[in-house]
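For reference, the structure is listed below as structure tokens.
Every heavy atom of this structure was used, including side-chain atoms; hydrogens, water molecules and symmetry mates were not. The shown structure was predicted, so the numbers you read here are calculated from the model rather than taken from an experiment. Each chain gets a letter, A, B and so on, in the order the sequences are listed, and its residues count up from 1.
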Number of protein chains: 2
Amino acid sequence: MSEPVAKQNLSAEQWAEAALDAMASSGLEAVSVEPLARRLGVTKGSFYWHFANRDALVRAALELWERHETTDAIALVRDEPDPYERIVKLFKRANTSHRAGRLYLALAAASDDPAVGAVVQRVSAQRLAYLQQSYQALGLNEHDARLWSTFAYATFIGNQQVHRDAPEQFPSGTEFREYFKLMLRTLIPHGLAAVAPIQNAEHPHVVSLHKTVES
Amino acid sequence: MSEPVAKQNLSAEQWAEAALDAMASSGLEAVSVEPLARRLGVTKGSFYWHFANRDALVRAALELWERHETTDAIALVRDEPDPYERIVKLFKRANTSHRAGRLYLALAAASDDPAVGAVVQRVSAQRLAYLQQSYQALGLNEHDARLWSTFAYATFIGNQQVHRDAPEQFPSGTEFREYFKLMLRTLIPHGLAAVAPIQNAEHPHVVSLHKTVES
DNA sequence: TTCAATCAGTACGCCAGCGTATGCTGCAAG
DNA sequence: CTTGCAGCATACGCTGGCGTACTGATTGAA
């Protein structure tokens, strides 16, 4: 993001972080050794000291990303016993963290690459699983929770996409806050159980609000 | 899509279509002259007869894509006077046409390129505008229609993304049909709209609101 | 038949990015 | 101070894709 800051003695992780930066702003293809070295103010000689080849760098970056994503999610989770608030927090983060969003989109776009695809799939699956779990904690049965969580997750991702691809059209400022509220009250079937915070995903007295669908 | 079919006398449009195929399956970077020529069973000599350079091919492909997207949308529109059914049809198409979805995602991923970005933005804006218009026809005021249409569009896009990035997790078969219905009845505030125009987009079923964000 | 336009093939130079080999420098242990 | 090694620089060869110049081949009209 900045100029060739002539840092001394880079570490492998710094290379990986730089690779993630490059991805976030210009996609996986932008993770190329010589340009990256230039941006870091060194030459290839340094790179091939820390990594066997470009692929190794990509792998390291992916690993870093996956770790970040999972630990970040966990960190966001730990302190929040109320499932409703948990989901709200996840929404918030998804619609706030700009770099994380672009990173996800960049990696997802490159998921033809089997290495990338595998990581993207794991991260997606983990997010979805956690969302579903939160919806169940809200009082939905497993099936409905799966539908709603997929719905909500798709909307997360879609917002990032629209925000990037049509920034002019995407709500901002006050309107965004309204938009956000609309999504919240639409995507979280409240009025359900959330009154008393539930610690375990056991379904209490649950009335099926949006009744399970059937043809 | 198939093997080097040794066709005779390709046209520029065939090159452009092939370019779109390449994009859909492997991104913009895959639109490279020599590989494309191989896939088409010819050599570069042919290509540079039809196009000045690679950029011209990309531009032609983009033009083709934009035309397809707009005419397709219009074609889908013209015969359907009922706004509800119009939106349903758009939903259906968004969740059905696999190639179109991948194409959009590929182009969106490459929207750093200013030429690509401009087209993506125009197409997105047009889709959003049409969706908003349909929501207004449902009886929502302009503002609410804008919020709901953005919401719905983001969900469209997000579905494509999730379907591509986590195909295992995405509903399919019967479950998909349920999922689809859930989205429809959640994202289209019918019931309230069709008869009497409504100015406030309150969800009719929803009773109480958790106090949402600190806003 | 001729010939000109249209389309494709061949051969070449160029460049960016990858990877390798090897040389240079500073710093810390002996 | 010298030795060793971590960290980076330099120089080189290789490949793939771009673009150019030129040479065929086919076809339809004069």
Side-chain angles (χ1 to χ4, degrees), chain A residues 2-62 106 109-110 112-116, chain B residues 2-62 64 106-107 109-110 112-116:
Chain A
S2 23
E3 289 314 287
V5 177
K7 267 200 159 182
Q8 303 240 44
N9 286 18
L10 300 171
S11 70
E13 226 187 78
Q14 289 175 286
W15 278 98
E17 282 290 359
L20 288 181
D21 273 345
M23 280 186 205
S25 61
S26 313
L28 178 62
E29 320 284 332
V31 180
S32 36
V33 178
E34 277 149 322
L36 262 188
R38 261 171 270 154
R39 269 195 28 162
L40 289 173
V42 294
T43 62
K44 296 197 298 182
S46 169
F47 175 82
Y48 285 100
W49 172 257
H50 295 287
F51 295 94
N53 49 30
R54 180 190 175 258
D55 247 53
L57 171 63
V58 172
R59 278 198 302 274
L62 287 174
D112 332 308
D113 183 308
V116 178
Chain B
S2 20
E3 288 314 289
V5 177
K7 266 200 157 179
Q8 303 243 43
N9 286 20
L10 300 172
S11 70
E13 225 186 80
Q14 289 174 287
W15 278 97
E17 282 289 358
L20 288 181
D21 273 345
M23 279 186 207
S25 63
S26 312
L28 178 62
E29 319 284 333
V31 180
S32 38
V33 178
E34 278 150 322
L36 262 188
R38 262 171 267 155
R39 269 195 29 165
L40 289 173
V42 293
T43 61
K44 294 197 299 183
S46 168
F47 175 82
Y48 284 100
W49 173 258
H50 295 287
F51 296 93
N53 49 31
R54 180 190 174 256
D55 247 53
L57 171 63
V58 171
R59 278 197 303 273
L62 287 173
L64 200 61
L107 286 170
D112 332 308
D113 182 308
V116 178

In this structure, how many angstroms lie between the [atom2] atom of [N] and the [atom1] atom of [X], rounded?
X	N	atom1	atom2	answer
B/Trp49	D/dG24	CH2	P	17 Å
A/Arg39	C/dG17	CZ	P	14 Å
A/Leu36	C/dC18	CG	C1'	13 Å
A/Phe51	C/dT20	CZ	C1'	18 Å
A/Trp15	C/dC18	CH2	C1'	13 Å

Aromatic plane relationship, A/Trp15 with A/His50 - under 30° parallel, 30 to 60° tilted, over 60° perpendicular
tilted
Which distance, rounded to the nearest 0.5 Å, do you find between the [atom1] of [X] and the [atom2] of [Y]?
X	Y	atom1	atom2	result
A/Leu20	A/Leu62	CG	CG	8.0 Å
B/Arg59	B/Arg54	CZ	CZ	11.5 Å
A/Ser26	B/Asp113	OG	CG	11.5 Å
B/Glu17	B/Ser11	CD	OG	9.0 Å

If the condition is side-chain hydrogen bond (donor to acceptor under 3.5 Å, both in side chains), which residues does B/Glu13 pass it with, not counting sequence neighbours?
none
Look at the side-chain N and O atoms of A/His50 and state whether any lies under 4.0 Å from the OP1 or OP2 oxygen of D/dC8.
yes
How would you summarise protein contacts on nucleotides 17-23 of chain D per nucleotide, using B for base, S for sugar-phosphate only and - for none, with heavy-atom distances below 4.0 Å?
BBBB---
